[in-house]
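These notes concern the structure reproduced below.
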Amino acid sequence: MFKRVESEVELAMFNGIWTTVWTEKGFELEFSEEILERYVVITEEGYYVGTTEIKPYSEDSSINEIGSFHTHPMIQENLKKVAEIDKMAVLSSFRGQYIAELLSAIVHYAEKNGLTYFVMLLQPTLMRALRVSYHLTIHKVAGRVFYKGEDVIPSIVNVRDVYMHKERYSWIIQSESDSALVSMGLQLSQQT
């Protein structure tokens with residue numbers, strides 16, 4: 001399950017997860033000043049195991065120093081409908097799992113807010129998995145770049161394509177609030 005970070009406890013869990021992962025990999029820790037939303041992934045047993053952060057994007061965003069997103073035609077034409085994905089992390093003992101939850105969280109946010117694209121720095125193996133296993137449309141902005149301890153590929157993800165064609169993406173998971181609304185709707189319809 002994924003859910004929005006809504007309390008100090010959830011923010012502490014969020015920060016604990018991504019900083020643990022970054023430290024394991026030898027990355028420099030950078031806390032974001034501006035965010036649009038943060039999500040955590042929680043197992044059925046109640047363990048917090050994953051994170052993703054959605055940040056505002058602009059032509060002045062620091063991510064443009066790694067890849068020239070700001071000059072890409074898709075971004076230039078849709079500047080107000082672009083956000084940045086950061087701090088996508090899963091604890092090492094759960095790695096390889098919970099990617100659908102992380103992706104569902106960002107798709108949910110994008111649909112709710114009318115976003116078209118996400119810009120992000122993807123590890124090559126994650127990029128391949130997102131293309132092959134999750135069938136995402138990903139555009140490379142540049143080749144591999146060494147950044148903060150490992151190779152990344154500056155990439156644009158067409159998130160609008162995902163939420164406009166959910167039937168193509170069997171991995172999409174409803175958010176906790178969507179599930180609650182659906183079950184409330186079912187209960188109401190059964191009562192009438």
Is there a side chain to side chain contact (heavy atoms under 4.5 Å, CB included) between Y48 and F14? Walk through the geometry before answering. CA-CA 8 Å; Y48 286 72; F14 175 91; over 6 Å; no
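- The side-chain heavy atoms of Y57 and I63, taken from C-beta on, include a pair separated by under 4.5 Å.
- More than 12 heavy atoms of other residues, nucleotides or ligands shown are found within 6.0 angstrom of CZ on R131.
- Proximity of a side-chain donor or acceptor of S61 to a complementary backbone N or O of S58 within less than 3.5 Å is detected.
- Residue R38 places its CZ atom among more than 12 non-hydrogen atoms of other residues, nucleotides or ligands, all under 6.0 Å distant.
- Among residues two or more places apart in sequence or in another chain, the side chain to side chain contact (heavy atoms under 4.5 Å, CB included) test is passed with D161 by T137, N158, H165, R168, Y169.
- With values rounded to the nearest 0.5 angstrom, E101 atom CD is found 10.0 Å from M1 atom CE.
- A donor-acceptor contact under 3.5 angstrom links the side chains of T43 and E45, judged on distance only.
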Without placing hydrogens or testing angles, list every side-chain donor-acceptor pair under 3.5 Å for residues 74-85, not counting sequence neighbours.
residue: Q76; atom: NE2; partner: H70; partner atom: O; Å: 3.4
residue: N78; atom: ND2; partner: M74; partner atom: O; Å: 2.9

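- Ring orientation note: the planes of W18 and F31 are nearly perpendicular, at an angle over 60° on the 30°/60° scale.
- From I42, atom CD1 reaches atom OH of Y98 across 11.0 Å, with rounding to the nearest 0.5 Å.
- Here OG1 of T51 is found 11.0 Å from CG of L11. Values are rounded to the nearest 0.5 Å.
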Test side chain to side chain contact (heavy atoms under 4.5 Å, CB included) on S155 and H139 and set out the steps. CA-CA 6 Å; S155 305; H139 303 275; over 6 Å; no
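- Side-chain atoms of K25 and V21, non-hydrogen and from C-beta on, do get closer than 4.5 Å to each other.
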Apply salt bridge (charged side-chain N to carboxylate O under 4.0 Å, His left out) to residues E111 and R160 and explain how you reach the verdict. CA-CA 7 Å; E111 181 176 22; R160 184 178 188 277; over 6 Å; no
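- Taking all atoms of both residues into account, the shortest heavy-atom contact from T19 to T23 is O-OG1, 2.7 Å.
- No chain of hydrophobic side-chain contacts below 4.5 Å, direct or via other Ile, Leu, Val, Met, Phe, Trp or Tyr residues, connects V141 to F118.
- Residues K140 and P154 fail the side-chain proximity criterion, which asks for heavy atoms closer than 4.5 Å.
- Proximity of a side-chain donor or acceptor of S104 to a complementary backbone N or O of A100 within less than 3.5 Å is detected.
- The side chain to side chain contact (heavy atoms under 4.5 Å, CB included) test applied to S7 returns V9, E10, not counting sequence neighbours.
- More than 12 non-hydrogen atoms from other residues, nucleotides or ligands lie less than 6.0 angstrom from CD of E167.
- Note on L115 and M164: same hydrophobic cluster, where clusters join Ile, Leu, Val, Met, Phe, Trp and Tyr whose side-chain heavy atoms are under 4.5 Å apart, directly or indirectly.
- Taking 4.5 Å as the limit, some side-chain heavy atom of H108 sits within range of a side-chain heavy atom of F2.
- Here the straight-line distance linking atom CG of L102 with atom CD of Q97 works out to 11.5 Å at 0.5 Å rounding.
- Note: the hydrophobic cluster containing I153 does not contain L121 (ILVMFWY, side chain heavy atoms under 4.5 Å, direct or indirect links).
- Applying the side-chain hydrogen bond (donor to acceptor under 3.5 Å, both in side chains) criterion to E59, with sequence neighbours excluded, gives no partner residue.
- The line from CD1 of I156 to OH of Y117 is 7.5 Å long, rounded to the nearest 0.5 Å.
- In the hydrophobic clustering of this structure, Y134 groups with I138; members are Ile, Leu, Val, Met, Phe, Trp, Tyr whose side-chain heavy atoms approach within less than 4.5 Å, directly or through other members.
- We find the CD1-CD1 distance between I54 and I106 to be 6.5 Å, quoted to the nearest 0.5 Å.
- Surrounding NZ of K148 are more than 12 heavy atoms belonging to other residues, nucleotides or ligands, all under 6.0 Å away.
- Considering every non-hydrogen atom in both A105 and T52, the closest pair reads CB-CG2, 4.4 Å.
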Show every donor-acceptor pair shorter than 3.5 Å between a side-chain atom in residues 86-95 and any protein atom, with sequence neighbours excluded, or say none if there are none.
residue: D86; atom: OD2; partner: K55; partner atom: NZ; Å: 3.2
residue: K87; atom: NZ; partner: E30; partner atom: O; Å: 3.0
residue: K87; atom: NZ; partner: S32; partner atom: OG; Å: 2.9
residue: K87; atom: NZ; partner: E53; partner atom: OE1; Å: 3.1
residue: R95; atom: NE; partner: V90; partner atom: O; Å: 3.0
residue: R95; atom: NH2; partner: V90; partner atom: O; Å: 2.8

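- Clustering ILVMFWY residues whenever any of their side-chain heavy atoms sit less than 4.5 angstrom apart, transitively, puts M120 in the very cluster that holds L103.
- Residues satisfying the salt bridge (Lys or Arg N to Asp or Glu O under 4.0 Å) test with K112, not counting sequence neighbours, are none.
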